[in-house]
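Below is one structure, written out as structure tokens; comments come after it.
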There are 2 protein chains.
Amino acid sequence: MLETMDILKERLKEKGSKLTPQRRATLNIIMENKGEHLNTEEIYELVRKDCPEIGLATVYRTLQLLEEMDIISRINLDDGCSRYEIKTGDEDHQHHHLICQGCNKIIEVKIDLLDDLEKEIEKEYDFDIKDHKLKFFGLCSDCKHK
Amino acid sequence: MLETMDILKERLKEKGSKLTPQRRATLNIIMENKGEHLNTEEIYELVRKDCPEIGLATVYRTLQLLEEMDIISRINLDDGCSRYEIKTGDEDHQHHHLICQGCNKIIEVKIDLLDDLEKEIEKEYDFDIKDHKLKFFGLCSDCKHK
DNA sequence: TCTCAATTAATAATTATTTTCATACCTTAG
DNA sequence: CTAAGGTATGAAAATAATTATTAATTGAGA
Ligand SMILES: [Zn+2]
Ligand SMILES: [Zn+2]
Ligand SMILES: [Zn+2]
Ligand SMILES: [Zn+2]
């Protein structure tokens, strides 16, 4: 927990920015909710408990910043808003998501077997791949069996 | 071209809906622009040439409908709006997209090698996969070499 | 042709997000 | 200590994409 905060502080300093209480509180909430996929409004409500005076615009600004700093990543689940999750540095790429069309549950997939596919595409299309995003849609175990 | 229109008519009828001139014109524009990834506003502007009285809200509704009918698919390129393209029935899943972070060009990837990965996930997570969406981010040939 | 639900255009309303702006807060030079 | 210059903030206004409302129109089947 401390480590990520220190990384943020470091990267902010490089950019001439500061680690403010609002930014600290926002990052803390996202770290405490690892595995959730909170949207901006939800993050705002949670941060307000620690930091009641914070404004929604600041949360938006902070999330943008944290994404630029490569601390969190934005997820688009086609539900009309952006969601965020902490980036765990130990993964090469991010994990992926299974989205249940029955109950809207989100399941995280740890497997990442796109390396071969990426290599093939890089050669075939002369394209330098930096990252990818992959979502699967379907029915979860519960929804399938009823 | 005729075929897709007939499929739409068929599916609409099943649902008790009608194939109106507005819907026909919208689908035509999307079919004529295969390979493009038009957003709603762009589709609206193009449809207006054939069908000047059409309203933007109708285009929104029609695109929603065409997506439900599995005739077109929505693409999210994180540029703040939805884009659409015709679904070519001869592909098992859809093709994927390479998004250049240098010039925002979109390149279509015909390769789809996710079948093995899907099987593995279906077993591991007891999840029934219906579809997937995959995007790659990086630098295109032009942007890479300059 | 007649009937009626489906559809539409125009408009207003929503929703998520961004921008504006005046103020507050630091850090540093004088 | 105090002023200057920069960053950050909250509140409110502005934007942009999308959806809801409503009253009028249309088109397919009897
Ligand atoms: Zn489910
Ligand atoms: Zn996740
Ligand atoms: Zn490029
Ligand atoms: Zn495409």
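Each chain gets a letter, A, B and so on, in the order its sequence line appears, and its residues count up from 1. Since this is a predicted model, take the numbers as computed values, not measurements.
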Residues 7-16 of chain B side chain polar contacts: donor-acceptor under 3.5 Å, at least two apart:
| residue | atom | partner | partner atom | Å |
| --- | --- | --- | --- | --- |
| B:Arg11 | NH1 | B:Met69 | O | 2.6 |

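- Every residue meeting the side chain to side chain donor-acceptor pair (under 3.5 Å) condition with A:Ser73, not counting sequence neighbours, appears here in chain and number order: A:Gln94.
- Counting only residues at least two apart or on different chains, the salt bridge (Lys or Arg N to Asp or Glu O under 4.0 Å) pairs with a member in residues 59-69 of chain A are A:Glu67-A:Arg74.
- The separation between B:Leu63 atom CG and C:dT7 atom P is 15 Å, rounded to whole Å.
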Inset, instruction - Any chance you could list the contact pattern along nucleotides 8-24 of chain D? Use B for base contacts, S for sugar-phosphate-only contacts and - for none, protein heavy atoms under 4.0 Å, 5' to 3'. - result: SBBBB----SBBBB---
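- We find that CD of B:Glu14 is positioned 16 Å from P of C:dA6, with the value rounded to whole Å.
- In this structure, A:Glu42 places its CD atom 11 Å from P of C:dT17, rounding to the nearest Å.
- When hydrophobic side chains of Ile, Leu, Val, Met, Phe, Trp and Tyr are connected at separations under 4.5 Å, B:Leu139 ends up as a singleton with no cluster partners.
- A:Glu41 pairs by the salt bridge (charged side-chain N to carboxylate O under 4.0 Å, His left out) definition with nothing, not counting sequence neighbours.
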